[in-house]
Amino acid sequence: MDIISSKTETLYGEINCPGDKSISQRAVILSGLLNGDLKVKNFLFAADPLSTLNAMRELGLQVTIENEIISIHAKDSLLKSPKMELNLGNSGTGIRLISGLIGGLGLHATLTGDDSLSKRPMKRITKPLSEMGINIFAESNRPPLQFKGAKLQKKFRYHMPVASAQLKSCLLLAAVAGEMELELVEPVVSRNHTELMLQSFGANICSELTENGHYIKYVPERMIETDFIEIVGDFSSAAFFIIAGLITPESDICIKGVGINPSRAKLVEILLDMGAKIELVNSSTVNGEKIADLKVQYSELQSINISPEDVPVIIDEIPILLIAAIFAKGKTTINGAEELRVKESDRLAAMEAGLKALGVQVSSSHDSIDVEGNPNFDLESLTIIDSFGDHRIAMSFLVLGQRVAGDILVKDCNNIQTSYPDFMRDMIKLGGSLEEYAK
Ligand code: S3P
């Protein structure tokens, strides 16, 4: 599906933030290790969490869904080796976290995914999982991943070569499922939803910042327990509307129920430094996760320099931050962003190609990207942008189309379904203009 994005005078009103993709997936994966039944509210019914939920069903999780509440009947759910291959679609979180669970349980299974997932690097998980004692095979370290049982170590210590929440969560899940003591050091903090969720389930897990990095320790002391999880709104989805409000003149919008965990919402601080008018109201905490409503007004922005240690905590927001950078006065530089090259697409290359097609001055190296901003940037005529089948690239350029005179036609937008199925509806609710393009 292609979508055409047209100029809108202003964005106004409020929307509810959809449930967090990362937390939805963690909730249904960890539910397989609980001792009692569980209800999950505000689960994100999008393609990625649904492929994870389906895989958990194949593993034996008993699930019913009524009025958008997921009930997990843990007492009837004995997780076992699945008869079929588990297809995790487009989801890196799904395949990497379920690998930890399957490995720790010593199950036999084959995990696959779509074309994009089949190209993503898995050595980061297969190496430490093998060292833990899990029999795992992956040709060229790409999916399919084959699990053939395990003879687990009692204790495992690992210095992560990359700050990746998917890697960290994979290893934590293997430790919880395999009742193994685990010590991890990640170079800098990445999103900590798994640690927070395990803590809220009563697990013995602690973490601290040390001079060597972010230290995490899990000790398998007791069963994890809970009977209810409410999933907070997805900051990464909210980010598209934050930037839409900031760059579209006279806009004044409110995004309700956004998760603002500091390991996710660093973009707010960065935008405030750039001169953004963003206000956080009605703050509270839900299942250990901070939440607030975000009020956003059109703002004149200054450029910014992002250093490598901030990249993991804005990892999914970099494409949309580059859209803000187009209108910021001065040159914006993002350093240490090589992980963007191994996401759903090579996001540095995809953003550079799209921005060049629009006439923006942009350049990149293997791990950085520079955008020369211009507060008066505009577009005269229709421009066609390739999303490379990547949901976040597609939504980023669709946001830009709201602000410029010429239409932007974004090709291949189907994968918006993986994280934000109601994206078009929410943009239109705020007064924006998006239309499916009939060929
Ligand atoms: C995620 C972690 C991030 C992020 C991805 C979701 C998660 O990946 O890009 O969209 O749910 O843990 P990495 O941790 O591999 O950087």
Side-chain angles (χ1 to χ4, degrees), residues 20-23 25-26 92-93 96-97 100 120-125 127-129 131 156-175 182-199 205-218 234-236 239 259-274 288-290 304-322 325 332-344 346-348 364-370 392:
D20 189 283
K21 177 158 81 74
S22 291
I23 303 178
Q25 290 179 282
R26 282 159 173 77
T93 299
R96 292 190 176 122
L97 271 60
R120 294 182 67 183
M122 293 295 149
K123 189 166 179 192
R124 58 186 60 192
I125 64 162
K127 180 174 177 285
L129 289 178
E131 289 171 9
F156 186 65
R157 198 185 150 87
Y158 192 63
H159 203 114
M160 294 165 46
V162 47
S164 156
Q166 293 181 353
L167 166 58
K168 172 173 65 176
S169 304
C170 166
L171 300 181
L172 279 168
L173 274 154
L182 178 66
E183 284 177 277
L184 290 176
V185 181
E186 57 177 345
V188 291
V189 177
S190 66
R191 66 184 68 184
N192 65 354
H193 303 305
T194 308
E195 295 97 297
L196 289 182
M197 196 175 279
L198 281 169
Q199 239 158 33
I205 181 167
C206 60
S207 63
E208 63 174 320
L209 275 177
T210 69
E211 47 185 44
N212 294 328
H214 184 217
Y215 171 80
I216 301 147
K217 182 169 186 181
Y218 168 74
D234 195 316
F235 182 81
S236 304
I260 51 159
N261 175 328
S263 68
R264 277 301 285 288
K266 177 80 182 178
L267 181 72
V268 170
E269 263 173 58
I270 290 170
L271 291 169
L272 290 173
D273 283 350
M274 292 173 77
E289 293 281 352
K290 290 192 175 143
I304 193 126
N305 255 318
I306 304 288
S307 48
E309 59 277 14
D310 281 342
V311 167
V313 286
I314 56 165
I315 189 81
D316 289 342
E317 290 73 66
I318 290 173
I320 191 64
L321 175 58
L322 293 172
T332 290
T333 302
I334 298 176
N335 288 303
E338 65 271 30
E339 275 292 297
L340 262 73
R341 298 217 178 263
V342 290
K343 292 292 174 190
E344 287 85 324
D346 175 342
R347 287 186 175 155
L348 289 184
S364 74
S365 73
H366 75 286
D367 70 344
S368 70
I369 187 160
D370 291 343
R392 300 202 195 280

Side chain to side chain, L196 and R26, heavy atoms closer than 4.5 Å: no
Testing K127, K123, M122 one by one against I125 for a side chain to side chain contact (heavy atoms under 4.5 Å, CB included), which residue passes? M122
Using only atom types and a distance under 3.5 Å, with no angle test, would you say the side chain of R96 pairs donor to acceptor with the backbone of G92? no
Which heavy atom of L348 sits nearest a heavy atom of A337, and at what distance? CD1-O, 3.8 Å
Nearest 0.5 Å, what's the OG-CE distance between S190 and M160? 5.5 Å
Quick check for you: to the nearest 0.5 Å, what is the distance between E186 atom CD and H214 atom NE2? 6.0 Å
Is it the case that the side chain of R341 and the backbone of H366 share a donor-acceptor pair, with hydrogens and angles ignored and the cut-off at 3.5 Å? yes
Are any of the side-chain nitrogens in K21 or D234 under 4.0 Å away from the carboxylate oxygens of its partner? no
Heavy-atom nearest pair, L167 first then P161, reads CD2-CD, 4.4 Å
Within the 4.5 Å heavy-atom criterion, are I205 and L172 side-chain neighbours or not? yes
How far apart are the closest heavy atoms of L97 and Q166, and which atoms are they? CD1-O, 3.6 Å
Main chain of A165, side chain of S169: is a donor-acceptor contact present, judged purely on distance under 3.5 Å? yes
Give, for atom CD of E208 and atom OG1 of T210, the distance between the pair rounded to the nearest 0.5 Å. 6.5 Å
Under the side chain to side chain contact (heavy atoms under 4.5 Å, CB included) criterion, do S364 and D370 qualify, and how do the steps go? CA-CA 6 Å; S364 74; D370 291 343; over 6 Å; no
Return the minimal non-hydrogen interatomic distance between L171 and Y158, and the atom names on each side. CD1-CD2, 3.7 Å
Would E339 and R347 satisfy salt bridge (Lys or Arg N to Asp or Glu O under 4.0 Å), going step by step from the backbone distance to the final call? CA-CA 9 Å; E339 275 292 297; R347 287 186 175 155; over 6 Å; no
Can you name the closest pair of heavy atoms from F235 and D20 and give their distance? N-OD2, 4.2 Å
Walk me through whether I334 and N305 qualify under side chain to side chain contact (heavy atoms under 4.5 Å, CB included). CA-CA 6 Å; I334 298 176; N305 255 318; over 6 Å; no
Hey, could you give me the OH/OG1 distance between Y218 and T194, rounded to the nearest 0.5 Å? 13.0 Å
Distance only, no hydrogens: is a donor on one side chain within 3.5 Å (strictly under) of an acceptor on the other, for N192 and N261? yes
Minimum side-chain heavy-atom gap I304-D273 below 4.5 Å: yes
May I ask you to check whether S207 and E195 show a side-chain donor-acceptor distance below 3.5 Å? no
Taking the side chain as everything from C-beta on, heavy atoms only, tell me whether I260 gets closer than 4.5 Å to E289. no
Side chain to side chain contact (heavy atoms under 4.5 Å, CB included) for K343 and R120? Distances and angles first, verdict last. CA-CA 7 Å; K343 292 292 174 190; R120 294 182 67 183; 4.0 Å; yes
Are E269 and K266 ion-paired here, with the side-chain N under 4.0 Å from a carboxylate O? yes
Evaluate side chain to side chain contact (heavy atoms under 4.5 Å, CB included) for R157 paired with L182, printing each intermediate quantity in order. CA-CA 6 Å; R157 198 185 150 87; L182 178 66; over 6 Å; no
Donor-acceptor pairs are to be reported for all side-chain atoms of residues 308-321 against protein atoms at under 3.5 Å, with residues two or more places apart or in another chain.
from	atom 1	to	atom 2	distance (Å)
E309	OE2	S307	OG	3.4
D316	OD2	R191	NH2	3.0
E317	OE2	S236	OG	2.6

Ignoring hydrogens, what is the shortest heavy-atom contact between H193 and R264? Give both atom names and the distance. NE2-NH1, 2.9 Å
